[in-house]
Number of protein chains: 2
Amino acid sequence: MSRPRAKLTNRFPGCPVESTLSFLDGKWKGVILYHLMEGTLRFNALRRKLPSVTQRMLTKQLRELEEAGIISRTIHPVVPPHVDYALTPAGRSLKPVIAALAVWGHENVICEDGRSTIRPFPEDGADAGAVESAA
Amino acid sequence: MSRPRAKLTNRFPGCPVESTLSFLDGKWKGVILYHLMEGTLRFNALRRKLPSVTQRMLTKQLRELEEAGIISRTIHPVVPPHVDYALTPAGRSLKPVIAALAVWGHENVICEDGRSTIRPFPEDGADAGAVESAA
DNA sequence: GCACATAGTGCCGAAAAGGATACCGTCAAT
DNA sequence: ATTGACGGTATCCTTTTCGGCACTATGTGC
């Protein structure tokens with residue numbers, strides 16, 4: 001159940017980019033992995049790091065990541081429940097990918113009042129002579 | 001209009017990973033960029049590379065990428081319409097990101113009959129002593 | 001007796017994303 | 001006269017996603 005947004009990769013066989021994205025897709029997976037890269041976290045610890053995610057959504061995203069084999073969920077059967085989320089080896093192998101995403105986002109994205117835009121590139125006015133799409 | 005799936009990055013300030021993902025999100029953006037990395041393509045050329053995408057969706061995704069400033073759309077006003085899609089400098093700066101995604105997908109994703117799964121990792125049986133979530 | 005913390009689940013409903021299909025205009029070839 | 005290529009739109013409909021809220025269980029502390 002619940003493969004992320006029906007991103008079934010078989011529709012365009014051989015696109016490794018979409019294959020990877022299909023695992024990162026879902027509203028909070030990126031952030032979750034970003035935080036888990038730094039170490040194991042408990043459910044509520046993670047929740048505190050993502051203030052705007054509801055419990056329901058966090059659970060859902062974690063379950064999807066777990067089902068994909070990217071993170072592990074370890075239940076310590078103690079009296080106030082205690083559940084640890086950590087990266088599996090597969091999850092750890094995503095490190096360079098997450099890092100690349102983080103670097104680009106850090107360098108090129110400007111978040112201002114609710115929207116994120118790409119930092120303007122200097123060369124971005126170069127015209128080759130034809131008609132640019134007039135918005 | 002149409003920022004991708006309301007992935008408004010301001011909700012979790014300072015997550016560069018989601019910032020980047022917000023631009024790659026949308027069902028076909030990954031593949032589109034993957035193909036455009038290799039050079040300019042015309043609408044129908046792109047379409048032929050993505051057999052299962054409808055015209056409508058392709059247009060939509062291209063428009064979103066254009067709006068984001070990742071690709072450029074150049075109309076040559078000739079008689080059978082001729083429109084070129086190419087990466088902008090901003091789009092080209094995504095190359096390492098797309099490459100990272102492609103590498104990981106290539107190495108770790110197995111696409112079999114409609115589903116993509118992560119290639120099993122050898123170390124993936126290591127148990128630390130606690131209760132693994134029994135699905 | 002009551003509230004709190006932990007880690008969830010279930011149900012509802014709105015909104016968005018995605019897919020199918022049909023249609024547009026022009027020119028060239030058949 | 002019809003068909004095809006090109007690069008789209010418009011419309012409709014279904015699926016998915018996401019968010020809100022309430023509810024659960026257990027043990028501890030007040």
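Chain A is the first sequence line, chain B the second, and so forth, proteins listed ahead of strands; every chain is numbered from 1.
In the set dG8(C), dA20(C), dT9(D), the nucleotide with an atom closest to the side chain of R63(B) is dT9(D).
The stretch residues 35-44 of chain A has no heavy atom under 4.0 Å from DNA chain D, so no residue of it qualifies as close.
Remark: side-chain polar atoms of K29(B) are paired, donor with acceptor, to backbone N or O of D25(B) under 3.5 angstrom. Checked by atom type and distance alone, the side chain of S19(B) never pairs as donor or acceptor with a backbone atom of G105(A) at under 3.5 Å.
Under a hydrophobic-cluster definition in which Ile, Leu, Val, Met, Phe, Trp and Tyr are linked whenever side-chain heavy atoms come within less than 4.5 Å, directly or via other members, V103(B) and L33(B) are assigned to different clusters.
For R48(B), no side-chain nitrogen or oxygen approaches OP1 or OP2 of dA5(D) to under 4.0 Å.
Applying the side-chain contact (heavy atoms from CB on, under 4.5 Å) criterion to R47(A), with sequence neighbours excluded, gives F43(A), N44(A), Q55(A), L58(A). In this structure A102(B) satisfies the side-chain contact (heavy atoms from CB on, under 4.5 Å) test together with P16(A), V17(A), Y34(B), sequence neighbours excluded. For S93(B), the side chain to side chain donor-acceptor pair (under 3.5 Å) partners two or more places apart in sequence, or in a different chain, are W104(A). H106(B) pairs by the ring pair (Phe, Tyr, Trp, His ring centres under 6.0 Å) definition with nothing, not counting sequence neighbours. With sequence neighbours excluded, the residues forming a side-chain contact (heavy atoms from CB on, under 4.5 Å) with A68(A) are F23(A), I70(A), listed by chain and number.
Taking atom CG of L46(B) as the reference point, atom C1' of dG7(D) lies 12 Å away to the nearest angstrom. The interatomic distance linking L62(A) (CG) with dG8(C) (P) rounds to 8 Å, in whole Å. The separation between M57(B) atom CE and dT9(D) atom C1' is 15 Å, rounded to whole Å. Separating the CD1 atom of I71(B) from the C1' atom of dG7(D) is a distance of 14 Å, rounded to the nearest angstrom. For R73(A) and dT9(C), the CZ to C1' distance is 12 Å, given to the nearest whole Å. In this entry the distance linking NZ of K60(B) with C1' of dA16(C) reads 8 Å, nearest Å. Put simply, CG on L58(A) is 10 Å from C1' on dG8(C), counting in whole angstrom units. Straight-line distance from the CG atom of D25(A) to the P atom of dA16(C): 17 Å, rounded to whole Å.
If you find the closest nucleotide of DNA chain C to Y85(A) and to R56(A), the one lying nearer the 5' end belongs to Y85(A).
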Give the B/S/- string for nucleotides 23-30 of chain D, one per nucleotide from 5' to 3', where a protein heavy atom under 4.0 Å of the base yields B, of only the sugar-phosphate yields S, and otherwise -. ----S---

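Here the rule is side-chain contact (heavy atoms from CB on, under 4.5 Å) with V31(A), and of V53(A), L50(A), L36(A) only L50(A) fits it.
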